[in-house]
Amino acid sequence: MTAIETLSEQRCFGGVQGFYSHVSDACGGTMRFAVYLPPAAEKGPVPVLWFLAGLTCTAETFTIKAGAQRMAAEQGLALVMPDTSPRDTGLAGATGDWEFGEGAGFYLDAIEAPWNERFRMYSYVVDELPRLVSGRFPLDMRRQGIFGHSMGGHGALVVALRNPGRYRSLSAFAPIVAPASVPWGQKAFPRYLGADRTSWARYDATRLVEEGARFDGTILVDQGEADGFLLDQLQPQRFEAACEEAGQALDLRMHPGYDHGYYFIQTFIEDHLRHHAKALIP
């Protein structure tokens, strides 16, 4: 079992907020992640809720800014927050552009050199990190949910749709629902995945639903109408149309006046945690 280094642990709403690191096989170097354990974890395994963050974010961003721990403590949910990419890769072009490379892993497994050496965030989130944390923390891996923001909302949708039965609950804040059709994805996907768009479709939630992927439950999506990325990059109507055509249950909530940032997430984080708790806690 890979060793986990404890970077810090603090009491928080009766539970423990910790930051940790380990050497990742999937990402070829040291990775950081955060875990919040609610007070209920002192008595036995608790349900686990994964949060995938957006472009430029780290394991600290949601953990510090979202204000999720109070409700997680109340509901008895553990939170796991991975980083958004490998760091200090030394790869030319991996830094200096906030839309690509470090901080912008897009939760995919790159197949193009040199990115395939380090940028394997899909395998990290789906396989490696769950094995690691389940061996260290009191988590009930039979009761998992997943959610995310922006690029991380894309990641959460893709991961859940491609792994039916793994997650009991799914939600997203302002997700990139059709990356193969918008500038963020069209910039990153060719470099990570090559020119063959069939590879892109495996990491595009709208395409996955159109091609038959389903989530067994209602997907909750919150989107701010004052989000500066709404029209060009997010386009939730694409996912809404695909879900309607496929019969996939979706609760898309549009919010006037809210933008893309963490004040938006703080406002609706309680709704999301209650949405997940309803599915994860009997």
Side-chain angles (χ1 to χ4, degrees), residues 47 49-55 57 61-63 65-72 74-75 77 79 81 107 144-162 164 167-182 184-185 204-210 213-281:
L49 182 55
W50 301 85
F51 182 84
L52 306 184
L55 290 163
C57 293
T61 310
F62 174 86
T63 309
K65 291 185 175 182
Q69 289 90 344
R70 179 187 63 82
M71 182 56 58
E74 180 180 310
Q75 297 293 332
L77 296 171
L79 304 173
M81 287 70 66
Y107 302 100
Q144 298 184 65
I146 191 167
F147 67 147
H149 171 228
S150 193
M151 179 186 71
H154 139 75
L157 294 173
V158 167
V159 166
L161 287 167
R162 286 181 54 178
Y167 306 94
R168 296 190 184 184
S169 55
L170 172 61
S171 72
F173 295 95
I176 309 170
V177 297
S181 302
V182 301
W184 274 335
D204 185 301
T206 298
R207 290 289 302 278
L208 287 170
V209 170
E210 289 173 345
R214 298 290 181 270
F215 176 74
D216 185 16
T218 299
I219 303 170
L220 173 63
V221 173
D222 278 316
Q223 173 64 61
E225 292 184 357
D227 189 324
F229 301 115
L230 177 58
L231 297 179
D232 291 339
Q233 304 283 11
L234 304 177
Q235 302 182 8
Q237 71 278 1
R238 289 179 179 267
F239 190 61
E240 182 180 36
C243 288
E244 183 175 359
E245 178 67 22
Q248 169 65 58
L250 171 68
D251 184 6
L252 172 61
R253 309 192 307 181
M254 303 296 296
H255 301 282
Y258 285 92
D259 64 13
H260 197 69
Y262 267 81
Y263 294 118
F264 162 60
I265 292 176
Q266 287 176 22
T267 302
F268 299 105
I269 188 64
E270 183 171 329
D271 290 354
H272 282 246
L273 292 181
R274 290 190 184 280
H275 169 81
H276 289 279
K278 185 176 180 181
L280 297 175
I281 300 174

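All residue numbers in this chain count up from 1 along the given sequence.
Distance CG/Leu230 to CD/Gln237: 7.5 Å, rounded to 0.5 Å. Note that CG of Leu79 is 11.0 Å distant from CH2 of Trp50, once rounded to the nearest 0.5 Å. Atoms NE2 and CE, from His276 and Met71 in turn, are 13.0 Å apart once rounded to the nearest 0.5 Å. Rounded to the nearest 0.5 Å, atoms CG (Leu250) and CG (Leu170) are 9.5 Å apart. Rounded to the nearest 0.5 angstrom, Ser171 OG and Arg253 CZ are separated by 9.5 Å. Taking CZ from Arg238 and SG from Cys243, the interatomic distance works out to 14.0 Å, rounded to the nearest 0.5 Å.
You'll find the side chain of Gln75 stays beyond 4.5 Å of the side chain of Lys278, heavy atoms only. Side-chain contact between Leu234 and Ile176 is present, with at least one heavy-atom pair separated by less than 4.5 Å. You'll find the side chain of Leu157 stays beyond 4.5 Å of the side chain of Leu208, heavy atoms only. You'll find the side chain of Leu273 reaches within 4.5 Å of the side chain of Phe147, heavy atoms only. Counting heavy atoms from C-beta on, the side chains of His154 and Val177 never come closer than 4.5 Å. Counting heavy atoms from C-beta outward, Gln69 and Thr63 have side chains that approach closer than 4.5 Å.
For the residue pair Gly148 and Ala156, the shortest heavy atom distance occurs at N-CB, 3.9 Å. Residue Val221 comes nearest to Pro175 through the heavy atom pair CG1-CD, 3.6 Å, listed as atom of the first residue, atom of the second, then distance. Among all heavy-atom pairs drawn from Ile146 and Leu52, the shortest one is CD1-CD1, 4.1 Å. Here the closest heavy-atom approach between residue Asp204 and residue Ser181 is recorded as OD2-N, 4.3 Å. Across every non-hydrogen atom of Ala66 and Ile265, the tightest pair is CB-CG2, 4.1 Å. When all heavy atoms are compared, the tightest approach of Gly153 to Ala172 is CA-CB, 3.9 Å.
In this structure, Asp271 places its CG atom where more than 12 heavy-atom neighbours from other residues, nucleotides or ligands lie under 6.0 Å away. Heavy atoms of other residues, nucleotides or ligands lying less than 6.0 angstrom from CD of Gln266 number more than 12.
A ring-ring contact (aromatic ring centres under 6.0 Å, His included) check over residues 224-250, counting only residues at least two apart or in different chains, returns the pairs Trp184-Phe229, Phe229-His260.
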Residues His272, Phe173; criterion side-chain contact (heavy atoms from CB on, under 4.5 Å); working and verdict: CA-CA 9 Å; His272 282 246; Phe173 295 95; 3.4 Å; yes

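Distance alone, capped at 3.5 Å, is enough to place a donor-acceptor pair between the Gln248 side chain and the Gly217 backbone.
A search for ring-ring contact (aromatic ring centres under 6.0 Å, His included) contacts involving Phe268 returns His255, Tyr258, Phe264, not counting sequence neighbours.
In this structure, His149 has its ring center at least 6.0 angstrom away from the ring center of Phe62.
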